[in-house]
Amino acid sequence: MGRRIYKDEDGTPVKAGDVIRFSFGIPPIIVDALVEDRDGKLWALTPDVNPKESTIGQLISNCGLINIMPEGTEPGTYKRGTKVDRSNEIETRAFRASDNEARE
């Protein structure tokens, strides 16, 4: 039996070495976590919040959606609307119409 494949909200599979972003609470607390592989399980390391680490499955079960930050992006600098495209290792932009509307 193989390892379960977890995906972010864009459908991109999560892998060891990724930095993921998720939020929890009201008001939302935004957390960036490094993903690491331990004995075939993916763990999210979250030293700034409790618990300090959890499996990706537990995290998704408790917090809902996650986003993978593009490679090379420092934690805390992720821009809304950026989608990871691993098919050719380039960054693409996916914006909603409301993101482009002028606000008066």
Side-chain angles (χ1 to χ4, degrees):
M1 184 185 228
R3 175 176 33 185
R4 182 168 181 182
I5 297 174
Y6 294 100
K7 297 180 180 182
D8 76 347
E9 73 175 80
D10 295 324
T12 306
V14 178
K15 63 180 177 61
D18 284 339
V19 175
I20 59 171
R21 173 168 281 186
F22 63 94
S23 64
F24 67 92
I26 299 174
I29 296 171
I30 298 171
V31 180
D32 295 337
L34 178 63
V35 177
E36 142 180 316
D37 187 323
R38 290 190 201 152
D39 299 322
K41 274 193 167 179
L42 293 177
W43 288 79
L45 308 179
T46 54
D48 297 331
V49 295
N50 283 324
K52 302 297 182 199
E53 60 187 22
S54 62
T55 66
I56 297 298
Q58 291 169 334
L59 194 147
I60 291 172
S61 174
N62 292 311
C63 298
L65 298 174
I66 61 173
N67 290 300
I68 299 173
M69 297 173 59
E71 274 187 51
T73 303
E74 291 296 317
T77 62
Y78 185 77
K79 293 183 178 77
R80 181 173 173 239
T82 301
K83 181 179 178 188
V84 176
D85 179 4
R86 287 206 174 117
S87 63
N88 54 8
E89 293 299 323
I90 63 168
E91 182 181 314
T92 59
R93 304 290 286 183
F95 290 102
R96 297 182 184 106
S98 62
D99 292 338
N100 296 321
E101 292 176 1
R103 297 174 197 232
E104 298 181 47

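Since we're looking at a predicted model, the values are computed, not measured. One-based numbering along the sequence shown.
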Enumerate donor-acceptor pairs with a distance under 3.5 Å from any side-chain N or O in residues 46-58 to protein atoms, sequence neighbours excluded.
residue : atom : partner : partner atom : Å
T46     : OG1  : P51     : O            : 2.7
T46     : OG1  : K52     : O            : 3.3
N50     : OD1  : K52     : NZ           : 3.4
K52     : NZ   : P47     : O            : 3.1
E53     : OE1  : R38     : NH1          : 3.3
E53     : OE1  : R38     : NH2          : 2.6
E53     : OE2  : R38     : NH1          : 3.1
T55     : OG1  : Q58     : N            : 3.1
T55     : OG1  : Q58     : OE1          : 3.4
Q58     : OE1  : T55     : N            : 3.0

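Screening residues 55-64 for salt bridge (charged side-chain N to carboxylate O under 4.0 Å, His left out) gives no qualifying pairs among residues at least two apart or on separate chains.
Considering CG of D32 and CG of L45, their distance stands at 12.5 Å, rounded to 0.5 Å. Atom CG of residue D37 and atom CG of residue L42 lie 5.5 Å apart, to the nearest 0.5 angstrom. Going from atom CD1 of I68 over to atom CD1 of I20 covers 8.0 Å, rounded to the nearest 0.5 Å. If you take CD1 on I29 and CZ on F22, they are separated by 10.0 Å, rounding to the nearest 0.5 Å.
A heavy-atom distance below 4.5 Å is found between the side chains of E9 and N67. Annotation: side chain of K15 is not in contact with side chain of V35 (no heavy-atom distance under 4.5 Å). Side-chain atoms of I30 and R21, non-hydrogen and from C-beta on, do get closer than 4.5 Å to each other.
Closest approach of L59 to A44, counting heavy atoms only: CD1-CB, 3.6 Å.
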Between V14 and I66, is a side-chain contact (heavy atoms from CB on, under 4.5 Å) present by the stated rule, with each step listed? CA-CA 10 Å; V14 178; I66 61 173; 3.7 Å; yes
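No donor-acceptor pair under 3.5 Å is formed between the side chain of D10 and the backbone N or O of T12.
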